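Computation of the quantities below employed the complete heavy-atom set of this structure, encompassing side-chain atoms and omitting hydrogens, waters and symmetry-equivalent molecules. Atoms within each ligand, like the ligands themselves, are counted from 1 in listed order. Just so you know, residue 1 is the first one in the sequence shown, and it goes up from there. Bear in mind that the values here come from a model prediction, so they are computed numbers and not experimental data.
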Amino acid sequence: MPQDLKSVSVLMPANFYPRAYERIVDTFDAVLMDTPDPALIPADKRERITGMAALLGPQHVPIIDALPALQIISNFGVGYHPVPSLHAIEKGICVTHTPDVLNEEVADTALAVLLNTLRRFDRAGAWVRDGRWAKDGNFPVPLLSLRGRTVGIFGLGRIGKAVARRIEGFGLPVHYHNRKPAQDVAYPWHASLKELATAVDTLICVVPGTEETRHAVNAEVLEALGPNGVLVNIGRGTVVDEQALIAALQSGTIAAAGLDVFENEPNVPAELIAMENTFLTPHIGSASVPTRAAMGDLVADNLVAWFEKGEAVTPVPEARHLTKHGAN
Ligand code: NAP
Ligand code: 8YV
């Protein structure tokens with residue numbers, strides 16, 4: 001018999017993303033807690049909390065360990081932090097994420113970051129707003145262009161393919177590197193990231209942040225990209241060795257970088273901020289109200305499906321074997 005969802009206790013940050021917050025508060029017995037500190041879990045809820053919604057990070061490990069009845073964690077975002085997720089899954093707790101609903105939005109952002117890095121529309125806009133057009137004359141013509149480029153995609157998955165379709169629309173060739181060739185595309189595949197970087201002059205990173213991808217974009221890869229090279233990172237900050245990138249941008253090893261994600265968010269190295277040849281955005285890949293609402297709906301839908309039907313809608317690949325039947 002389906003559970004009365006109002007009797008299901010779900011832990012969630014009080015300042016959670018609006019749609020997810022509203023849906024969870026309306027549907028479940030929501031337990032609100034902004035700081036993930038086990039000491040703050042109300043004593044009468046500790047044994048009762050079976051669901052959790054979060055933007056999962058390593059700080060959640062003690063919370064996971066403090067909730068003996070926890071069955072499912074619904075993560076806001078397609079990328080999921082490997083540390084708390086794998087820790088939870090090892091304990092038999094299902095972890096879900098929000099794939100597909102943000103593909104096109106994030107791909108739009110990737111192209112916006114790439115175009116701004118090359119053509120500096122941000123600074124051109126400020127030139128008008130700051131009255132410099134009338135005062136100082138024409139906006140200085142940018143050195144770089146998208147024209148004639150060959151684009152490499154590191155991580156041709158759901159979002160990577162949406163980026164590739166856009167690049168094709170801009171009339172440019174696409175190459176890629178995944179661990180294995182994708183079945184449904186004809187773009188040239190390269191067996192290593194260095195081989196990809198050698199073949200292209202524009203590298204867009206859309207891989208997840210895992211142990212395997214940590215600092216995959218290093219000094220050697222940047223050297224292979226070359227002096228006309230442009231790096232865009234829309235995946236995870238850990239994928240790029242930031243110190244190697246700073247050195248490559250300072251020395252002219254590559255021409256420019258556009259970054260939406262950083263190693264130690266929200267802290268961005270002062271060197272990257274000070275440089276003329278960087279375009280930086282504060283992790284806004286999926287940031288529009290409609291897309292964040294779709295993500296919020298999927299966060300809530302995963303919890304509802306788990307407690308009503310016994311299976312999540314979009315478990316992360318490592319949790320696909322978990323069902324409510326096998327949980328606490
Ligand atoms: P996805 O469909 O799983 O695609 C990931 C791709 O990366 C796959 O094609 C995979 O191919 C490849 N890959 C994984 N590990 C690799 C490795 N070690 N070496 C080479 N290739 C590897 O994921 P998605 O939905 O496109 O999302 C990708 C990532 O984008 C997310 O994990 C998240 O970190 C990031 N993201 C960022 C934002 C933002 O706001 N900036 C928004 C959404 C997502 P193989 O398995 O064949 O290697
Ligand atoms: C963030 C993202 O989750 O989905 C992902 O992996 O990186 C983004 O969509 C979102 O910005 C929440 O902070």
query = Taking N or O atoms only and a 3.5 Å limit, does Asn103 qualify as a polar contact for ligand 1?
reply = no
- Message: Is Tyr17 close enough to touch ligand 2? Criterion: a residue heavy atom under 4.0 Å from a ligand atom.
- Response: yes
Rounded to the nearest 0.5 angstrom, the CG-CZ distance for Leu115 and Arg120 is 12.0 Å
Only one of Glu104, Arg292, Glu105 passes side chain to side chain donor-acceptor pair (under 3.5 Å) with Ser286, and that residue is Arg292
- Task: Examine Val232 and Val239 and state if one hydrophobic cluster contains both, with Ile, Leu, Val, Met, Phe, Trp and Tyr joined whenever side-chain heavy atoms are less than 4.5 Å apart.
- Result: no
* **Shared hydrophobic cluster for Tyr17 and Leu32 (ILVMFWY, side-chain gaps under 4.5 Å)** => yes
Numbered in order shown, the ligand 1 atoms found under 4.0 Å of a heavy atom of Leu156 are 9 (O)
With nothing but distance in play, are any N or O atoms of Thr210 less than 3.5 Å from an N or O of ligand 1? no
Under 4.0 Å from one or more heavy atoms of Val261, ligand 1 contributes atoms 41 (N)
_Parallel, tilted or perpendicular: ring planes of His177 versus Phe154, cut at 30 and 60 degrees_ = parallel
Kindly determine whether Ile167 and Leu114 satisfy side-chain contact (heavy atoms from CB on, under 4.5 Å), including the steps that lead there.
CA-CA 10 Å; Ile167 298 292; Leu114 174 60; 4.1 Å; yes
Honestly, for Tyr80 the part within reach of ligand 1 (heavy atoms, under 4.0 Å) is neither
Here the atoms of ligand 2 under 4.0 Å from any heavy atom belonging to Gly77 are 3 (O), 4 (O), 5 (C)
Atom 1 (C) of ligand 2 sits nearest the protein heavy atom His283 NE2, 4.0 Å
*Any non-hydrogen atom of His97 lying under 4.0 Å from ligand 2?*
no
| Ring geometry between His190 and His175 (parallel below 30°, tilted from 30 to 60°, perpendicular above 60°) | parallel
* Just checking, any donor-acceptor pair under 3.5 angstrom between side chains of Thr150 and Asp201? -> no
Residue, atom and distance of the protein heavy atom nearest atom 8 (C) of ligand 2 read Ser286 OG, 3.6 Å
For Phe76, the atoms of ligand 2 under 4.0 Å from one of its heavy atoms are 3 (O), 12 (C)
Among Ala162, Gly157, Gly155, closest by heavy atom to atom 7 (O) of ligand 1 is Gly155
- Any N or O of Val78 closer than 3.5 Å to N or O of ligand 2: yes
For Arg236, the atoms of ligand 2 under 4.0 Å from one of its heavy atoms are 2 (C), 5 (C), 6 (O), 7 (O)
Check: Ile234 N/O within less than 3.5 Å of ligand 1 N/O
yes
- Give a yes or no answer on whether the side chain of Ser145 reaches the backbone of Arg147 with a donor-acceptor pair at less than 3.5 Å. yes
_Under 3.5 Å between any N/O of Gly209 and any N/O of ligand 1: does that happen in this structure?_
no
One finds that the ligand 1 atoms under 4.0 Å from a non-hydrogen atom of Val206 are 28 (C), 29 (C), 30 (O)
What do the steps show when you test Ile153 against Val174 for side-chain contact (heavy atoms from CB on, under 4.5 Å), and what is the final call?
-> CA-CA 7 Å; Ile153 298 183; Val174 174; 4.1 Å; yes
Candidates Asp260, Thr281, Asn178, Thr238; heavy atom nearest atom 21 (N) of ligand 1 found on Asn178
Taking only non-hydrogen atoms of Met295 and a 4.0 Å limit, the atoms of ligand 2 in range are 9 (O)
Taken in chain and number order and not counting sequence neighbours, the residues that satisfy salt bridge (Lys or Arg N to Asp or Glu O under 4.0 Å) with Glu212 are Arg179
Give a yes-or-no answer on whether the side chains of Asn75 and His81 include a donor-acceptor pair shorter than 3.5 Å.
no
If only atom types and distance count, is the side chain of Thr213 paired as donor or acceptor with the main-chain N or O of Thr210 below 3.5 Å?
yes
for atom 22 (C) of ligand 1, nearest protein heavy atom and its distance come out as Val207 CG1, 3.6 Å
Here the atoms of ligand 1 under 4.0 Å from any heavy atom belonging to His283 are 39 (C), 40 (O), 41 (N)
In ligand 2, the atoms that come under 4.0 Å of a heavy atom of Leu102 are 4 (O), 9 (O)
- Query: Does Gly285, backbone or side chain, put an N or O under 3.5 Å from an N or O of ligand 1?
  - Reply: yes
Got an N/O contact under 3.5 Å between Thr98 and ligand 2? no
(Q) Just so I know, are the side chains of Val217 and Leu245 near enough to count as touching, which here means a heavy-atom distance under 4.5 Å? (A) no
Original post:
After noting the C-alpha distance and the side-chain angles of His215 and Glu263, does the key distance pass the side chain to side chain donor-acceptor pair (under 3.5 Å) rule?
Top reply: CA-CA 10 Å; His215 287 190; Glu263 276 200 78; 2.9 Å; yes
Numbered in order shown, the ligand 1 atoms found under 4.0 Å of a heavy atom of Val106 are 42 (C), 43 (C)
